[in-house]
Engineer: 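I'd like to ask some things about the structure below.
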2 protein chains.
Amino acid sequence: MREGSSRGVSGRRNGRPTLEEVAALAGVGRGTVSRVINGSPRVSEQAREAVARAVAELGYVPNQAARALAGSRTDAVALVIPETEARVFSEPYFLDLIRGVSAELAQADKQLLLTLVRTEPERRRFEQYLAAQRVDGVLLASVHGDDPLPDRLARLGLPVVMNGRRSEAEPIDYVDSDNTGAGRAAVAHLVGRGRARIATISGPADMYVARARLGGYRAGLAEAGITPDESLVATGDFTEEGGRLAMRALLERAPGLDAVFAASDVMAAGARGALREAGRRVPEDVALVGVDDSVVARLMDPPLTSVRQPIEEMGRTMTRLLLRKIADGPGAGPAAEEEQPRVLPTELVVRDSS
Amino acid sequence: MREGSSRGVSGRRNGRPTLEEVAALAGVGRGTVSRVINGSPRVSEQAREAVARAVAELGYVPNQAARALAGSRTDAVALVIPETEARVFSEPYFLDLIRGVSAELAQADKQLLLTLVRTEPERRRFEQYLAAQRVDGVLLASVHGDDPLPDRLARLGLPVVMNGRRSEAEPIDYVDSDNTGAGRAAVAHLVGRGRARIATISGPADMYVARARLGGYRAGLAEAGITPDESLVATGDFTEEGGRLAMRALLERAPGLDAVFAASDVMAAGARGALREAGRRVPEDVALVGVDDSVVARLMDPPLTSVRQPIEEMGRTMTRLLLRKIADGPGAGPAAEEEQPRVLPTELVVRDSS
DNA sequence: CAGCGATGTGGGAGCGCTCCCATTCCCTGG
DNA sequence: CCAGGGAATGGGAGCGCTCCCACATCGCTG
């Protein structure tokens, strides 16, 4: 009698209870149930308890679609990974990033919509999704120097936070790791190991991350009072093969080098191959340092000294920043500078290669 | 005049055009627009064109929430990765899987909802999400032998497809790689290389994938007419350290072994370390074969012979299967046996370790 | 030429919420 | 003792779609 008749209001397709039914069972109105569900303070203790009981008894879970429609918010956030540029980073990078984002979103009870866009059509389709108001905000990973997407999204009024930046003066909110510091730390370490002819294998010059690490390398040399030598600078494309080729070029140009700072572990792995070919021992003849501290570094022979980035933490931080922007509502502009650290510190992990 | 007045029907929060407005501009009814949008054949060519023009002019994109609410389907699919068991697989595994799933979903214009569940509370929360009808179906990765989740979901009436199975007689739809074949191929290769005392480092016995690979190893020996020797079988936990310990145990028990089939690349890496400690050369003294063909295999010294799984293809196949189940509607039962291959072939990649 | 099914169409009736206004009730101060 | 103002509440009015029924309209058949 307590419920029964009021329950089967209509021949519902699926048997899930609705807010209305919870209200009936709790003996209150729809509004009150909604308030309880959404944690409004304007509810009596008594009503709150009655509703809680009814929710438990019916196993009520609010219908997300209805919420989104009525409230024009989705409680979902998109993480966009342009797959074309995925190999830029050593392999586990994205999984770590996803892990951080996912954990932080789960905590806030938001959904993660993962979007790998590899082709232009997929990209267009993705913009359609955004237009269909499927997400409250967007996280952008691995943004290239001239990518127009971030600005386009921002202009749409959609909150956006990027992982990494496109240039020094990035107008859009971002979270990055201290790439300059990474280069400096690597060089300082090598200098401390008594190396003097320190080369570097940099990434493509059109990527900020590559320029920053190269800048750190130069700064490190300057701090150690070492005269820079451009023949010690080679460029790779963040792939293993690129690292191998760059290393060969370096050995040819500057056979006297005694250390190499590679801007990624994967390039370091390539470089290691080239060194082996050339009969140079690591670390005896040439010390080697990479960036990322990925599996690759641990598995190399000898294990690679590498500068670790707090990837998962970047994911978490990005997500916090985005959620804050979403909560602040539209027109709030970029988040205040101080609120969150935008550039996270890196850390040198010393192994046997240096 | 053509539109104008009929447009600003209400002081809408956000300026996106609605189906109603498209209908007005096209000079047809709401129903017709809906039919055109959803590709119904019951529309005259003339109406279809008028609607198409109006859609283009207004830049109309259907509101997903409204669609989901009215149509009780979400056009989204969840991929669940239990993070606790993530290390079971070599690192790039999940990214490859995600890649395959994502590509296939994008093609079908569905959204990917990625859910990493690592803790019990997160898991419960996830079940809540499902109850909130946020997805049309679920893809489950890395399912453990006694995981009740698949059955629970299936009982909820939610279409489910798993990656891998829990046992030989898996009642729920799955896509797996030919783990038995992987073991057989590895052993056949080693036999072909003239090895006779072939050991194996298996995974935990409560995981089907481990049992299957071990079964393949045994079958391979039988096919080669080699008498099995249980002292040549050790068990690891799919980690590097586990591989190392297992290898040490094997060397102790069966010093005369001349080859090892490790059930994962990562365990092979651990085994390689133990072999080095023991002064055994690879491949001269002991030939080594792994499974996964991951980065790890390529970077080992010497590069590791490994059995490749078509991970991305598994992701694609799972997704196709799930989409089909969703399209077939509830109560359609498990998909017909023949429609899709459930067990994808593996492939031996020979490198210098054997 | 009436009669019928096939085909195209418009629009009502929801889907299950949130928003917000109106109402009720109770406590305060004058 | 009554006006006035909060606090708690009920419920109407949508949100933008899909579903489906009812209503043309057409070309056939017998």
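Heavy atoms only: backbone and side chains are in, while hydrogens, waters and symmetry mates are out. Note that the structure is predicted; figures quoted are calculated from it, not measured. Protein chains get the first letters and strands the later ones, always in sequence-line order, with residue 1 at the start of each.
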Engineer: Checking contacts here: which listed nucleotide (dT18(C), dT7(C), dA8(D)) is nearest the side-chain heavy atoms of Arg42(B)?
Structural biologist: dT7(C)

Engineer: Has Asn63(B) got a side-chain N or O lying under 4.0 Å from the OP1 or OP2 atom of dC15(D)?
Structural biologist: no

Engineer: Kindly point out which of dG14(D), dG10(C), dG10(D) is positioned nearest to the side chain of Thr32(A)?
Structural biologist: dG10(D)

Engineer: Where the side chain of Lys325(A) meets the backbone of Val160(A), is there a donor-acceptor pair that is under 3.5 Å apart?
Structural biologist: yes

Engineer: Which part of the nucleic acid, if any, lies within contact of Arg30(A), taking any heavy atom under 4.0 Å across all strands shown: a base, the sugar-phosphate backbone alone, or nothing?
Structural biologist: base

Engineer: Measure the angle between the two terminal helix axes of the helix from dC1(C)-dG30(D) to dG30(C)-dC1(D), five base pairs each, and quote it to 10°.
Structural biologist: 50°

Engineer: On DNA chain C, compare the nucleotides closest to Gly27(B) and Arg73(A); which residue's is nearer the 5' end?
Structural biologist: Gly27(B)

Engineer: Please tell me which of the listed nucleotides, dT7(C), dG16(D), dC17(C), lies nearest to the side chain of Arg67(A)?
Structural biologist: dC17(C)

Engineer: What is the distance, to the nearest angstrom, from the CZ atom on Arg134(B) to the C1' atom on dC17(C)?
Structural biologist: 14 Å

Engineer: What string of B, S and - do you get for nucleotides 21-27 of chain C 5' to 3' if you count protein non-hydrogen atoms under 4.0 Å?
Structural biologist: -------

Engineer: What residues form a salt bridge (charged side-chain N to carboxylate O under 4.0 Å, His left out) with Arg30(A), not counting sequence neighbours?
Structural biologist: none

Engineer: Leu69(B) CG to dC15(D) P: how many Å, rounded?
Structural biologist: 13 Å

Engineer: Return the nearest nucleotide to the side chain of Leu19(B); candidates are dT9(D), dC17(C), dC17(D).
Structural biologist: dC17(D)

Engineer: If I take atom CG in residue Asn38(A) and atom C1' in nucleotide dC20(C), what distance separates them, rounded to the nearest angstrom?
Structural biologist: 14 Å

Engineer: Can you sort out the partners of Thr319(B) under side chain to side chain contact (heavy atoms under 4.5 Å, CB included), two or more places apart, ordered by chain and number?
Structural biologist: Val101(B), Glu104(B), Leu105(B), Leu139(B), Leu323(B)

Engineer: Select from Ala65(B) and Gly31(B) the residue whose nearest nucleotide in DNA chain D is closer to the 5' end of that strand.
Structural biologist: Ala65(B)

Engineer: Quick one: side chains of residues 40-54 of chain B, donor-acceptor pairs under 3.5 Å with protein atoms, not counting sequence neighbours, listed by atom name and distance.
Structural biologist:
unit_1	atom_1	unit_2	atom_2	d
Ser40(B)	OG	Arg42(B)	N	3.1
Ser44(B)	OG	Ala47(B)	N	3.2
Arg48(B)	NH2	Val43(B)	O	3.2

Engineer: Over how many whole Å does the gap from Arg16(B) atom CZ to dG16(D) atom P extend?
Structural biologist: 11 Å

Engineer: Could you state the CG-P distance from Leu58(A) to dG16(C), rounded to the nearest angstrom?
Structural biologist: 14 Å

Engineer: Indicate, with a heavy-atom threshold strictly under 4.0 Å, whether Ala47(B) touches base, sugar-phosphate, or nothing.
Structural biologist: sugar-phosphate

Engineer: Tell me, please, which residues at least two apart from Arg35(B) pass salt bridge (charged side-chain N to carboxylate O under 4.0 Å, His left out).
Structural biologist: none

Engineer: What residues, two or more places apart in sequence or in another chain, satisfy side chain to side chain contact (heavy atoms under 4.5 Å, CB included) together with Ala154(B)?
Structural biologist: Ile172(B)

Engineer: Give a yes or no answer on whether the side chain of Asp147(A) reaches the backbone of Val143(A) with a donor-acceptor pair at less than 3.5 Å.
Structural biologist: no

Engineer: Take the protein atom CD of Gln46(A) and the nucleotide atom C1' of dA7(D), then report the distance between them rounded to whole Å.
Structural biologist: 14 Å

Engineer: To the nearest Å, give me how far apart CD (Glu45(B)) and P (dG8(C)) are.
Structural biologist: 10 Å

Engineer: State whether Ser34(B) places a side-chain N or O below 4.0 Å from either non-bridging phosphate oxygen (OP1 or OP2) of dT18(D).
Structural biologist: yes

Engineer: Which part of the nucleic acid, if any, lies within contact of Ala68(A), taking any heavy atom under 4.0 Å across all strands shown: a base, the sugar-phosphate backbone alone, or nothing?
Structural biologist: nothing

Engineer: Would Asp96(A) and Arg99(A) count as a salt bridge (charged side-chain N to carboxylate O under 4.0 Å, His left out) if you check the C-alpha gap in whole Å, the side-chain angles of each, and the deciding distance to 0.1 Å?
Structural biologist: CA-CA 5 Å; Asp96(A) 283 349; Arg99(A) 180 176 298 146; 2.9 Å; yes

Engineer: Show every salt bridge (Lys or Arg N to Asp or Glu O under 4.0 Å) that has at least one partner inside residues 126-146 of chain B, sequence neighbours left out.
Structural biologist: Glu127(B)-Arg152(B)

Engineer: Who are the salt bridge (charged side-chain N to carboxylate O under 4.0 Å, His left out) partners of Glu312(A), not counting sequence neighbours?
Structural biologist: Arg316(A), Arg118(B)

Engineer: Quick one: which of dT18(D), dT9(C), dT9(D) gets closest to the side chain of Ser44(A)?
Structural biologist: dT9(D)

